[in-house]
Amino acid sequence: MNKIFTKAALAVACLAVVAGQASAQMVGGVNYKIVSKTDKTAEVTFLEGDDSGFEDDPVYTGKVEIPASVKIGGTTYTVVGVGKMAFSDASLTSLTLPSTIKYLGYGSFWSATLPEKFTMPASVDSIGENAFWGTNVTSLDLSNVRKIGTYAFIECKSLEKVVLGSKLDTIPANCFESCIKLKDINLPSTLKGIGKFAFNECYALDSIIVPEGVTTLAGYCFGKCEGIKKAVIPESVTSLGDGVLGACTSLTSVKLPSHLTTLPEFTFGYCAALKDYEVGDKVTKLGKQAFTYCLGLESVTLPASLTEIGADAFVKTPALRTVTVKAQVPPTGAVFGDSTYTLGTLYVPAGCVKAYKEAEGWSKFANIKEITSTGVNTALAAAVKVVAVAGGVSVEAAADAKVAVYAVSGRQEYAGKPGFIALGSGVHVVVVGAKAFKVAVE
């Protein structure tokens, strides 16, 4: 977990706010600060203490109702925001916010205890950094929110459902980190990027389908999501960070963009449930620890394009028994575990056995054999069955069959092997060898 804030840091932040705050005015038991005299706008601010120490400062408790407007010094001001640290550490049994609220500022509800049925006004356009850090909120409708700050919902350990809207194009760093109960979240089609650690340690997520159009997935954005069984990352992703799916210990089905030339560092590190994987045919390098601690990995296929294997890529893969390498020149950096060397089989292209027997790292394999080409005819000899299931399609065919899925527009959505393929709702064309099937996914 990437934590940079502590209670002491919170105190420093709050003191900085106090130092810069104009004199607040209390109306009906709530403090307000004028934002603009010209526009006649104001925001809710925190209760002021006696400057004897942060932890002794008063906080809002019980029932709080914020009106749409307040009178300050004889002038009526529209309440447009919840200011920095306004409700930090508050303990509220009821909170009413008006439809005039446009923003929730930095740390506005930091560590607050919110009402069981907390409702955020649909008028809210932006949410500041650390706004809900550590609150008890369980459900959020962010349909109209355009911008969210980093760490906005980190450690909201009761948060189960979030609705995101089409105005949002970026989920920032650490946004939902350690929301351990979060299991229901939609990723809008307008999304372009997901920041570092954005969903790290969201244990309750069971699948992730990144929408077409997203271009950037920053490092560890889905790291340690231990409940994820399947993940689909679309072709539109051109920047894939380290460890995006690292430590997803339940992951069994995954699709990465076919254009990748590097499998980033720690991509599948600690993905203990992953049993077999075929690296994309354009990959030239496996990053460090790419498959480290994949305790259940039994089979891996490496492409003809591969030239380099990063340090510790296959450390602690005790079940690995089948390694297929299509590269005629042995890639550098190959290091496998003793059980793989002694009990496993290395399959290499025809005429390349001698080269692999003499290559550093590869020479330790006790069993090195040539790849036997079965061809398309063998793959199609087995019965082919394509069935729409919840969240995608199930393709039953010979293990060496080539499967491709296309949208009705002709855009390719998947290329790989038979099995479960996660797809969005709608009509898809599934091609297995020379056979095509049209299926509707609900």
Between Asn130 and Tyr106, is there a donor-acceptor pair closer than 3.5 Å when you use the side chain of the first and the backbone of the second?
no
If you round to the nearest 0.5 Å, how far is CG of Leu159 from OG1 of Thr135?
7.5 Å
Taking everything shown except Lys285 itself, do over 12 heavy atoms lie less than 6.0 Å from its NZ?
no
Check the pair Leu256 / Phe268 against side chain to side chain contact (heavy atoms under 4.5 Å, CB included), numbers first and verdict last.
CA-CA 12 Å; Leu256 297 181; Phe268 298 117; 3.9 Å; yes
Using modelled atom types and a 3.5 Å cut-off, is there a donor and acceptor pairing between side-chain atoms of Thr317 and backbone atoms of Leu297?
no
Are the side chain of Ser178 and the backbone N or O of Glu155 linked by a donor-acceptor pair below 3.5 Å?
no
What closest approach, in Å, do Ser305 and Gly280 show between heavy atoms, and which atom pair accounts for it?
OG-O, 4.4 Å
Indicate the ring-plane relationship of Tyr341 and Phe365, choosing parallel, tilted or perpendicular according to the 30° and 60° boundaries.
perpendicular
Specify the closest pair of heavy atoms between Pro211 and Ser189, including all atoms of both residues, with the distance to one decimal.
CB-CA, 4.3 Å
Between Thr340 and Leu320, is there a donor-acceptor pair closer than 3.5 Å when you use the side chain of the first and the backbone of the second?
yes
Can you tell which of Thr322, Val323, Val353, Thr301 makes a side-chain contact (heavy atoms from CB on, under 4.5 Å) with Tyr347?
Thr322
Over 60° means perpendicular and under 30° means parallel, so tell me whether Tyr293 and Tyr270 are parallel, tilted or perpendicular.
parallel
Would you mind reporting whether Ile148 and Phe153 have side-chain heavy atoms less than 4.5 Å apart?
yes
So, for Gly195 and Ala218, which heavy atoms are closest and what is the spacing to 0.1 Å?
C-CB, 3.6 Å
Test item: His259 side-chain N/O and Lys282 main-chain N/O as donor-acceptor pair under 3.5 Å:
no
When rounded to the nearest 0.5 angstrom, what distance separates OG in Ser253 from CD1 in Ile228?
12.0 Å
Quick one: does any side-chain atom of His428 pair with a main-chain N or O of Phe437 as donor and acceptor, under 3.5 Å?
no
Is there a donor-acceptor contact under 3.5 Å from the side chain of Thr332 to the main chain of Glu308?
no
Considering non-hydrogen atoms only, spot the tightest contact between Pro121 and Leu97 and give its length.
CG-CB, 3.6 Å
If you count the non-hydrogen atoms of other residues, nucleotides and ligands that lie under 6.0 Å from CD in Glu358, is the total more than 12?
yes
A side-chain contact here means heavy atoms from C-beta on lying under 4.5 Å apart; do Glu413 and Leu423 qualify?
yes
So that I can tick it off, tell me whether Lys196 and Glu177 are bridged by a salt bridge, with the cut-off set at under 4.0 angstrom between side-chain N and carboxylate O.
no
Identify whether the distance between the nearest side-chain nitrogen and carboxylate oxygen of Lys102 and Asp125 falls below 4.0 Å.
no
Atom SG of Cys271 and atom CD of Glu226: how far apart are they, to the nearest 0.5 Å?
10.5 Å
Would a distance-only check, ignoring hydrogens and angles, find a side-chain to backbone donor-acceptor pair under 3.5 Å from Thr170 to Gly193?
no
Is the shortest side-chain heavy-atom distance between Trp362 and Val348 below 4.5 Å?
no
Heavy-atom check, side chain of Lys438 versus side chain of Val427, under 4.5 Å
yes
So do Val403 and Val430 actually touch side chain to side chain, heavy atoms under 4.5 Å?
yes
Go through the steps to decide whether Tyr103 and Glu43 satisfy the test side chain to side chain contact (heavy atoms under 4.5 Å, CB included), and finish with yes or no.
CA-CA 9 Å; Tyr103 63 87; Glu43 67 179 18; 2.5 Å; yes
Does a side-chain heavy-atom distance below 4.5 Å link Asp206 with Lys183?
no
If you count the non-hydrogen atoms of other residues, nucleotides and ligands that lie under 6.0 Å from NZ in Lys417, is the total more than 12?
yes
Around atom CD of Gln328, are there more than 12 heavy atoms from other residues, nucleotides or ligands closer than 6.0 Å?
no
Only one of Trp110, Phe46, Tyr60 passes ring-ring contact (aromatic ring centres under 6.0 Å, His included) with Phe87; say which it is.
Tyr60
What is the distance from atom CG of Leu302 to atom CG of Asp281, rounded to the nearest 0.5 Å?
12.5 Å
Can you name the nearest heavy-atom pair linking Ile371 to Val325, along with the distance?
CD1-O, 3.7 Å
Report the distance from atom CD1 of Ile194 to atom OG1 of Thr216, rounding to the nearest 0.5 Å.
10.0 Å
Heavy-atom closest contact (Ala204 atom, Leu182 atom, distance)
CB-O, 3.4 Å
Short side-chain to backbone donor-acceptor contact, Thr284 and Thr261, under 3.5 Å:
yes
Are there more than 12 heavy atoms of other residues, nucleotides or ligands under 6.0 Å from atom NZ of Lys255?
yes
Go through it in stages, so that I can follow the logic: the residues are Thr267 and Tyr277, the test is side chain to side chain contact (heavy atoms under 4.5 Å, CB included), and I'd like the CA-CA distance, side-chain angles, deciding distance and then a yes or no.
CA-CA 12 Å; Thr267 296; Tyr277 190 76; over 6 Å; no
Hey, does Val163 have a side-chain heavy atom less than 4.5 Å from the side chain of Asn186?
yes
May I ask you to test the Leu187-Ile209 pair for a side-chain heavy-atom distance under 4.5 Å?
no
Given Leu168 and Leu142, is the side chain to side chain contact (heavy atoms under 4.5 Å, CB included) satisfied, shown in steps?
CA-CA 9 Å; Leu168 189 70; Leu142 309 179; over 6 Å; no
Taking atom CD of Glu360 as the centre, report whether more than 12 heavy atoms of other residues, nucleotides or ligands fall under 6.0 Å from it.
no
Supply the atom-to-atom distance Cys225 SG to Leu251 CG, rounded to the nearest 0.5 angstrom.
10.5 Å
Under the 3.5 angstrom rule, does the side chain of Asp169 hit a backbone N or O of Thr190 as a donor-acceptor pair?
no
